[in-house]
Protein chains: 2
Amino acid sequence: MSQAEKPRKRRLLTAEVIVSKALELADEEGFDTLSMRKLAGSLGATAMSLYNHVAGKDELLDLMLERVVAEIESPVVGCHWEEMMRRRAHSMRQTLLRHRWASTLLISKIAIGEAIMRDIDATVGCLVRAGFTYAQADWARNAIDSHVYGYTMQELNFPVEPEEFKAAAAQYLPMISKTDYPFMHEAAVQIIEGKYDGITQFSFGLELILDGLKRWVVDV
Amino acid sequence: MSQAEKPRKRRLLTAEVIVSKALELADEEGFDTLSMRKLAGSLGATAMSLYNHVAGKDELLDLMLERVVAEIESPVVGCHWEEMMRRRAHSMRQTLLRHRWASTLLISKIAIGEAIMRDIDATVGCLVRAGFTYAQADWARNAIDSHVYGYTMQELNFPVEPEEFKAAAAQYLPMISKTDYPFMHEAAVQIIEGKYDGITQFSFGLELILDGLKRWVVDV
DNA sequence: ACCTGAACACCGTTCAAGT
DNA sequence: ACCTGAACACCGTTCAAGT
């Protein structure tokens, strides 16, 4: 007991604060420039002291991803499946857009953590309760996730902002050979003429998938 | 003319052979362990000599990706759009599976090269000729690509081989808490009981999308 | 128990020097 | 024109030494 009352030296470093700082740095300054040395430095410590709280960079990364996944709005089992899937997909995209470095790492993560387990369980559960078989629920979840990951990763790396689209098309038009790439040329012309905005829609592909699933579950 | 007949010293290094060797090493030994030093070494040269033929590792990477994209079976403009989209999607997946390192880099590539331009032009062209507007063609291509990228990247990183699925489910079942993850628990039970194989299907999501597009273009 | 300096085995790239 | 050794400015991580 006396030991508990003894004023302890406040620990500067914790796994928690290390992960928080790592997330902050990755979000604000980019994941590529995040090194153990730099992370430690911004916490007023040396790189080596981090190893007292975290096994290594790989584990740190896993902890960061757990936090990110926890931000996703998972379905509530028992509620209307279609709306739940739609909300989850949009929330997942927003989360991945907030942490631009996360998608690549998350999709290539081999061992899944608790946050991911919870999300998968809720998603499969919501679909099963709505009448999907387990196999169908698995396929449905996989199809939705594929779209979210694939769309968002393309979006994250697209070099032109939506507002700049028309200007970019005008700028690059001369470089798109009309003989080599006739359709891309015409597409650029149509964007310049305002016939369409050139912006692809996340919802377009998502609704295509949800529509297909809907017709399927009705048959069940 | 005499200069042309003069026996020249055979150049050991060319951008072409460097890229070929890099592809070979990345495919066989993994992209993570591919370094300029190692690549040069396997060509009987030093790292620095590579810089006489390739601007740097970034350019080398772009050249590698161009080769990969060239392997994709692009649509033939004028042919049946649905079958062309299906073939392209499957070919794209197979190509990405052949070069396990490529997806992540390809999807995060900012400046697009000639091979990608050709593929996009053919894809959009095929759809436009079939009656899609340019906007619709763009959305359709984006939805298909999202599925291919998203599905294949999940597939590439999935830790269990299809054949081992049943065994893996049996092995991990005790670790999936029935109270915390009731639906994942039941899913594992069903896999063990052979009620479904646990394998997600690339075609499932793809056909969902193609089906949706089909109904759409009929309305046009 | 926690922190750290020095060291190890790597990177990509620059630069000046070779032929 | 092509190649290269040495060097620079970085990595993640180990290990023994501090307190």
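By convention in this document, chain letters (A, B, ...) are assigned in the order of the sequence lines, proteins followed by strands, and residues within each chain are numbered from 1.
Contacts of residues 21-30 of chain B with DNA chain D (heavy atom under 4.0 Å): none.
Side chain of Leu13(A), nearest nucleotide from dC3(C), dT14(C), dC3(D): dC3(C). Nearest nucleotide to the Thr46(B) side chain, out of dT4(D), dC3(C), dT4(C): dT4(D).
Leu60(B) places its CG atom 14 Å from the C1' atom of dT13(C), with the value rounded to the nearest Å. Atom CG in Leu43(A) sits about 11 Å away from atom P in dC3(C), given to the nearest Å. In this structure, Met48(B) places its CE atom 10 Å from P of dT4(D), rounding to the nearest Å.
Note on ring orientation: taking the six-membered ring where Trp is involved, the planes of Trp101(B) and Phe31(B) are parallel (angle under 30°, cut-offs 30° and 60°).
For Glu59(B), the CD atom counts as densely surrounded, since its 6.0 Å shell holds more than 12 non-hydrogen atoms of other residues, nucleotides or ligands. Annotation for Gln94(B): atom CD counts as buried by contact number, over 12 foreign heavy atoms lying within 6.0 Å. The number of heavy atoms from other shown groups lying within 6.0 Å of CZ (Arg87(B)) does not exceed 12. In this structure, Glu16(B) places its CD atom where only 12 or fewer heavy-atom neighbours from other residues, nucleotides or ligands lie under 6.0 Å away. The 12-atom threshold is not exceeded at NZ of Lys178(A), counting heavy atoms of other residues, nucleotides or ligands nearer than 6.0 Å.
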For nucleotides 8-12 of chain C, print each protein N/O atom paired with a nucleotide N/O atom at under 3.5 Å, atom names and distance only.
{"from": "dC11(C)", "atom 1": "OP1", "to": "Ser35(B)", "atom 2": "OG", "distance (Å)": "3.2"}
{"from": "dG12(C)", "atom 1": "OP1", "to": "Met36(B)", "atom 2": "N", "distance (Å)": "3.3"}
{"from": "dG12(C)", "atom 1": "OP1", "to": "Lys57(B)", "atom 2": "NZ", "distance (Å)": "2.8"}
{"from": "dG12(C)", "atom 1": "OP2", "to": "Met36(B)", "atom 2": "N", "distance (Å)": "3.0"}
{"from": "dG12(C)", "atom 1": "N7", "to": "Arg37(B)", "atom 2": "NH1", "distance (Å)": "2.5"}
{"from": "dG12(C)", "atom 1": "O6", "to": "Arg37(B)", "atom 2": "NH2", "distance (Å)": "3.0"}

Give me the distances for all protein-to-nucleotides 16-19 of chain C N/O pairs that come in under 3.5 Å?
none

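Side-chain contact between Met184(B) and Ile120(A) is present, with heavy atoms from C-beta onward closer than 4.5 Å. At a threshold of 4.5 Å between non-hydrogen side-chain atoms, the residues Glu207(B) and Arg86(B) count as touching.
Contact annotation: His53(A) does not reach the phosphate of dA1(C) (side-chain N/O to OP1 or OP2, under 4.0 Å). Under 4.0 angstrom from either OP1 or OP2 of dT4(D) there lies at least one side-chain N or O belonging to Ser49(B).
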### Task
Check the pair Arg88(B) / Ser91(B) against side-chain hydrogen bond (donor to acceptor under 3.5 Å, both in side chains), numbers first and verdict last.
CA-CA 5 Å; Arg88(B) 171 171 173 277; Ser91(B) 159; over 6 Å; no

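Between the side chain of His147(B) and the backbone N or O of Ile209(B) there is no donor-acceptor pair closer than 3.5 Å.
Look at Asp62(B) and Lys109(B) and you find a salt bridge, because one of the NZ, NE, NH1 or NH2 atoms lies within 4.0 Å of a carboxylate O, short of that distance.
In DNA chain C, the stems built from three or more successive Watson-Crick or G-U pairs (distances below 3.5 Å) are C:4-8 with D:12-16, C:12-16 with D:4-8.
In this structure Ser108(B) satisfies the side chain to side chain donor-acceptor pair (under 3.5 Å) test with no other residue, sequence neighbours excluded.
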List the atom pairs, with distances to 0.1 Å, where a side-chain N or O of residues 154-169 of chain A and a protein N or O form a donor-acceptor pair under 3.5 Å, not counting sequence neighbours.
{"from": "Gln154(A)", "atom 1": "OE1", "to": "Ser146(B)", "atom 2": "N", "distance (Å)": "3.4"}
{"from": "Gln154(A)", "atom 1": "OE1", "to": "Ser146(B)", "atom 2": "OG", "distance (Å)": "3.1"}
{"from": "Glu155(A)", "atom 1": "OE1", "to": "Arg93(A)", "atom 2": "NE", "distance (Å)": "2.9"}
{"from": "Glu155(A)", "atom 1": "OE2", "to": "Arg93(A)", "atom 2": "NH2", "distance (Å)": "2.7"}
{"from": "Asn157(A)", "atom 1": "ND2", "to": "Met153(A)", "atom 2": "O", "distance (Å)": "2.7"}
{"from": "Asn157(A)", "atom 1": "ND2", "to": "Ile107(B)", "atom 2": "O", "distance (Å)": "3.4"}
{"from": "Glu164(A)", "atom 1": "OE1", "to": "Glu161(A)", "atom 2": "N", "distance (Å)": "3.4"}

